[in-house]
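Some notes on the structure that comes next.
Residue numbers begin at 1 in each chain, while the letters A, B, ... track the order of the sequences.
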Amino acid sequence: MPELPEVETIIRGLKVLEGDTLLHLDIRDPRLREPLRGLCPPRRVESVRRRGKYILLELDRGLLIFHLRMTGRLLLGEEAPDDARLVLSFPKQVLYLLDRRGFATAEYASSFAKELGPEPFGDLSWLKDALRRSRRPVKLWLMDQRNIAGIGNIYASEILFHARIDPRRPANSLKPGEVEALVRAIPEVLSQAIAHRGTTFSDYRDARGERGGFQEFLLVYRREGKPCKVCGTPIRRIRLGGRSTFFCPRCQR
DNA sequence: TAACACCTGTTC
DNA sequence: GAACAGGTGTTA
């Protein structure tokens with residue numbers, strides 16, 4: 001479910017846990033037992049951070065790493081519901097994991113060691129060389145977390161619309177001006193989405209259970225057949241790497 | 001690089 | 001019944 005803007009919104013809500021002490025662990029989904037082995041409360045939460053689409057709780061010893069995949073939710077509340085897969089108890093609240101599909105992961109590790117590309121903010125001038133090394137369609141390149149971290153199916157389509165680039169174009173075919181447009185579009189689209197607290201279609205909620213608002217501002221994603229908000233041409237949907245991909249055939253070349 | 005697997009729920 | 005869903009890890 002969540003891409004970078006949703007995960008960022010969640011971790012901002014979870015920062016209230018910094019300095020709090022994890023008192024008890026209730027692992028209700030047996031698949032989470034093995035990856036959480038070795039986590040023995042009490043443990044103090046030193047910081048709550050994000051890396052790509054991962055949520056990190058740095059403890060006084062070790063690291064709790066969550067990935068919500070498609071339908072996971074990480075929520076703060078007074079009491080966990082019966083269908084929670086994992087419940088972390090703190091002195092005055094509980095943090096619990098819900099996931100109707102059950103793809104979400106939680107693990108305890110001594111350090112964060114995933115193969116992730118750089119964060120999509122700051123100086124992105126490295127994109128030029130990186131894109132040159134791949135012939136894959138640029139949309140699939142953007143969604144590959146080893147290239148750049150945090151971009152998923154919604155924002156890949158949105159970013160390419162903003163940059164006016166056809167999602168099927170090979171990454172190494174982009175001209176300098178197009179790479180520049182991409183360098184501008186990536187942080188712009190993601191920052192706007194964070195400002196609106198992410199995109200909610202059905203499952204996504206922040207740490208307090210609130211929906212995001214960026215779905216109102218999407219220009220192509222899930223707008224198949226509707227007029228492009230720039231030129232009026234019907235938005236097209238195609239499949240790329242098995243995923244629905246939306247674009248304006250006139251604005252994006 | 002593509003298909004499939006992991007799962008359940010919703011929509012056509 | 002079939003297709004689809006914010007993701008990613010494994011396999012052919």
Can you tell which of A:R211, A:R101, A:R100 makes a side chain to side chain donor-acceptor pair (under 3.5 Å) with A:D203? A:R100
Rounded to whole Å, how long is the line connecting atom [atom1] of [X] with atom [atom2] of [N]?
X: A:R237; N: C:dA5; atom1: CZ; atom2: C1'; answer: 11 Å
X: A:R239; N: C:dA3; atom1: CZ; atom2: P; answer: 10 Å
X: A:D203; N: C:dA5; atom1: CG; atom2: C1'; answer: 8 Å
X: A:M70; N: C:dA3; atom1: CE; atom2: C1'; answer: 13 Å
X: A:N153; N: C:dC4; atom1: CG; atom2: C1'; answer: 12 Å
X: A:E6; N: C:dA5; atom1: CD; atom2: C1'; answer: 14 Å
X: A:D99; N: C:dG6; atom1: CG; atom2: P; answer: 15 Å

I'd like to know if A:T71 reaches the base of C:dG6 with its side chain such that a donor and an acceptor end up less than 3.5 angstrom apart. no
[N] and [M]: how far apart are their [atom1] atoms, nearest whole angstrom?
N: B:dC7; M: C:dT10; atom1: P; answer: 15 Å
N: B:dT1; M: C:dA5; atom1: C1'; answer: 22 Å
N: B:dT11; M: C:dG6; atom1: P; answer: 15 Å

Base, sugar-phosphate alone, or nothing: which one does [X] contact when heavy atoms must sit under 4.0 Å apart?
X: A:R222; result: sugar-phosphate
X: A:R135; result: nothing
X: A:S244; result: sugar-phosphate
X: A:Y155; result: nothing

With a cut-off of 6.0 Å (strictly less than), are more than 12 heavy atoms of other residues, nucleotides or ligands near CZ of A:R146? no
Go through DNA chain B in 5' to 3' direction and return only the first and the last nucleotide with some atom under 4.0 Å of chain A's heavy atoms. B:dT1 to B:dG9
Close N or O pairs between protein and nucleotides 8-12 of chain C (under 3.5 Å):
from, atom 1, to, atom 2, distance (Å)
C:dT8, OP1, A:H67, NE2, 3.0
C:dT8, OP2, A:K53, NZ, 2.9

Taking the side chain as C-beta and beyond, is there a heavy-atom pair between [X] and [Y] under 4.5 Å?
X: A:L142; Y: A:I186; value: yes
X: A:E46; Y: A:D60; value: yes
X: A:P120; Y: A:L4; value: yes

Testing A:R49, A:R43, A:R51 one by one against A:E58 for a salt bridge (Lys or Arg N to Asp or Glu O under 4.0 Å), which residue passes? A:R49
Does A:Y221 have a side-chain nitrogen or oxygen under 4.0 Å from the phosphate oxygens OP1 or OP2 of C:dG6? yes
Would A:F201 and A:Y221 satisfy ring pair (Phe, Tyr, Trp, His ring centres under 6.0 Å), going step by step from the backbone distance to the final call? CA-CA 11 Å; A:F201 281 111; A:Y221 187 79; 5.7 Å; yes
Side chain to side chain donor-acceptor pair (under 3.5 Å) assessment of A:Y204 paired with A:E3: CA-CA 10 Å; A:Y204 166 67; A:E3 304 181 32; over 6 Å; no
Are A:S244 and A:R237 linked by a side-chain donor-acceptor pair shorter than 3.5 Å? yes
Would you please determine if the base of C:dG6 is stacked by A:Y204, with stacking meaning a centroid separation under 5.5 angstrom and planes under 30 degrees? no
A:Y54: ring pair (Phe, Tyr, Trp, His ring centres under 6.0 Å) partners, not counting sequence neighbours: A:H67, A:F112
As its Watson-Crick or G-U partner within any shown strand, both distances under 3.5 Å, B:dC12 has C:dG1
Identify the nucleotide, in any strand shown, that forms a Watson-Crick or G-U wobble pair with C:dG6, with both distances under 3.5 Å; if there is none, say none. none
